[in-house]
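Only this structure's heavy atoms are used, side chains among them; waters, hydrogens and symmetry mates stay out.
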Amino acid sequence: MKRIWSLCLALIIGCVAMAQTNERRQVVFVGNSEDSTMFYVDELEYATIDSTTTTVPKHKFFNLKRKEGADVRIYFSDVKKVVFRKVQEEVVIPQTDPKVGDYYYSDGTWSDGGLVSINDDGTNPVWAEVKPAPIAGKTVIGIVAVTDPARIAQSDRDAGFTHGYVVCSKFVHDPNNTHPSTGEVFPTTKFSWDDNFESDIPVKKSGKSWYEDLNGRQHCNNAISEYGNMLVAKCPTIYYTNVMAHPSTSSEWFIPSTGQMWDVLANLCGNSAAQRMKGWRTNTEDATLYCSAYIYDDPMANFNSTLDKVAEADKELLEIDSETHNYCPMWTSTRYNEDAMDIFIVGTKYESGNYKGKSLIECMAEWYNGDCYARPILAF
């Protein structure tokens, strides 16, 4: 068995050397439950086989050193087979500029999602009566959520990502965050297990400071630099986001900052949510106390409607996180204080009680080791 893994490792390294401009090679680790993790081999610097030092018995794992981003750890016990394949990349970037609501594909292209017009602040969106479907034969990986040049981080523009941001059509999952009895993987993640988590990520409390923070990619990169190959243990939300496959023309996936998630929600959650959030932009008080509203609309349903025509296998809808909460709590990569991260609450309509017919949209905070949903974005 060790010889088989060694041969696989040699193939990985060899493929890096043979990568061609118009042809890319992938290594795919197929899990025991038929899920898979894929990497382009030209993005790998080297790979080694290591084993744990603190467990008995020891567990062997692949350690993939990427040229950029987090090191990847994949345990032998989680792998059913390793597949190597060639893919041709003949990407033709659309001539039309991307719009909020457009479908974004795994090859880095996009197509019309039905938006007719929208204000820069997300208010007054107008959608086509008949929503266009994605292009047949392509895989949707996200929805274009931000295109306003003024809302693209300078560091992202400097890196060549000038179109805007795409929000992923799925959540990030931590395979180690499981139910203690059933072993079922929770849909939520823990942001960090480090009680002293800081990672050179600034604290933002006021509504104004939330809106102004557009540096999510830098926040995540700071954590990657700090933890190195311990990232998977110390900060699983950032780790499992960073190792997701992405188009060669985009940035890696990352957890959005407060300002970036703000724009995603204002643009995709409907006019009522955008109107309320617009009024929070200049709020100088604690956002978790003063940036909250119950609205006669359904921001969760509005967000999910952008995925109506997307194949079931390529999407996960926002959902309520428990029987007692009528909302979806979502991580940002901005800190609230020394114990918690800033999060957004996206609600759906209450069917009974004092808030019947209303939905909640809110700025809130959650402990580092709390459970929230991770919905990443990428820059393109």
Looking at K170, I'd like to know if its NZ atom is crowded, meaning that more than 12 non-hydrogen atoms belonging to other residues, nucleotides or ligands lie closer than 6.0 Å.
yes
Between R25 and D42, is there a donor-acceptor pair closer than 3.5 Å when you use the side chain of the first and the backbone of the second?
no
Pairs satisfying side-chain hydrogen bond (donor to acceptor under 3.5 Å, both in side chains), at least one member in residues 111-130, at least two apart:
K99-D112, Y105-S111, N119-T123, D121-T123, D121-K278
Return yes if some donor-acceptor pair links the side-chain N/O of T188 with the main-chain N/O of D371 below 3.5 Å, else return no.
no
For Y227, is there any backbone N or O sitting under 3.5 Å from a side-chain donor or acceptor partner on K234?
no
For the student: nearest non-hydrogen atoms of C372 and P329, plus distance:
CB-O, 3.6 Å
I'd like to know if the side chain of D174 reaches the main chain of N176, judged simply by a donor and an acceptor atom lying under 3.5 Å from each other, with no hydrogens or angles considered.
yes
By side-chain hydrogen bond (donor to acceptor under 3.5 Å, both in side chains), T334 pairs with (sequence neighbours left out) D213
Is there a donor-acceptor contact under 3.5 Å from the side chain of Q260 to the main chain of G216?
yes
Could you tabulate the donor-acceptor pairs under 3.5 Å formed by side-chain atoms of residues 136-160, not counting sequence neighbours?
from : atom 1 : to   : atom 2 : distance (Å)
K138 : NZ     : D107 : OD2    : 3.1
K138 : NZ     : T109 : OG1    : 2.7
D148 : OD1    : A150 : N      : 3.0
R151 : NE     : D263 : OD1    : 3.3
R151 : NE     : D263 : OD2    : 2.8
R151 : NH1    : Y211 : O      : 3.2
R151 : NH2    : Y211 : O      : 2.8
R151 : NH2    : G259 : O      : 3.4
R151 : NH2    : D263 : OD1    : 3.4
R151 : NH2    : D263 : OD2    : 3.3
Q154 : OE1    : R157 : NH2    : 2.3
Q154 : NE2    : D158 : OD1    : 2.7
D156 : OD1    : R217 : NE     : 2.6
D156 : OD1    : R217 : NH2    : 3.1
D156 : OD2    : Y165 : OH     : 2.6
R157 : NH1    : P149 : O      : 3.2
R157 : NH1    : I152 : O      : 2.4

Would you mind writing out the side-chain donor-acceptor pairs for residues 341-358 within the sub-3.5 Å range, not counting sequence neighbours?
from : atom 1 : to   : atom 2 : distance (Å)
T348 : OG1    : D298 : OD1    : 2.9
T348 : OG1    : D298 : OD2    : 2.9

Listing request: all salt bridge (charged side-chain N to carboxylate O under 4.0 Å, His left out) pairs with a residue in residues 299-311, at least two apart in sequence or in separate chains.
none
For the rings on F29 and F62, is their centre-to-centre separation under 6.0 Å?
yes
Would H173 and E316 count as having a side-chain donor-acceptor pair, cut-off 3.5 Å?
yes
Hits for side-chain contact (heavy atoms from CB on, under 4.5 Å) against N369, two or more places apart or cross-chain, chain-then-number order -> W193, W367
Distance-only side-chain donor-acceptor flag, T237 / T189, under 3.5 Å:
yes
For residues 71-79, dump all side-chain donor-acceptor pairs below 3.5 Å to protein atoms at least two apart in sequence or in another chain.
from : atom 1 : to  : atom 2 : distance (Å)
D71  : OD1    : K65 : NZ     : 3.4
R73  : NH1    : Y75 : OH     : 3.2

Do you know which of Y373, Y368, W331 makes ring pair (Phe, Tyr, Trp, His ring centres under 6.0 Å) with F191?
W331
Grab the two heavy atoms, one from S250 and one from F161, that are nearest each other, plus how far apart they are.
C-CE2, 3.4 Å
Has the side chain of H163 got a donor or acceptor atom that lies under 3.5 Å from a matching backbone atom of F380?
no
Nearest non-hydrogen partners of P256 and P376, listed with the distance
CD-CA, 4.2 Å
With sequence neighbours left out, write down each residue that passes ring-ring contact (aromatic ring centres under 6.0 Å, His included) with F303, or none if nothing qualifies.
none
In terms of heavy-atom contacts, P132 and Y103 come closest through O-OH, 2.6 Å
When you measure from the side chain of H325 to the backbone N and O of Y327, does any donor-acceptor pair fall under 3.5 Å?
no
What pairs with E68 under side-chain hydrogen bond (donor to acceptor under 3.5 Å, both in side chains), at least two apart in sequence or on another chain?
none
Looking only at heavy atoms, which two atoms of T288 and W210 are closest? And how far apart?
CG2-CZ2, 4.4 Å
With distance as the sole test, does D50 use its side chain to make a donor-acceptor pair with the main-chain N or O of N63 at under 3.5 Å?
no
Which residues pass the side-chain contact (heavy atoms from CB on, under 4.5 Å) test with S292, sequence neighbours left out?
L360, E362
Checking Q218 now: which residues fulfil side-chain hydrogen bond (donor to acceptor under 3.5 Å, both in side chains) with it, not counting sequence neighbours?
N222
Side chain of R375, backbone of S169: donor and acceptor closer than 3.5 Å?
yes
Qualifying salt bridge (charged side-chain N to carboxylate O under 4.0 Å, His left out) pairs, either residue in residues 218-230, two or more places apart:
none
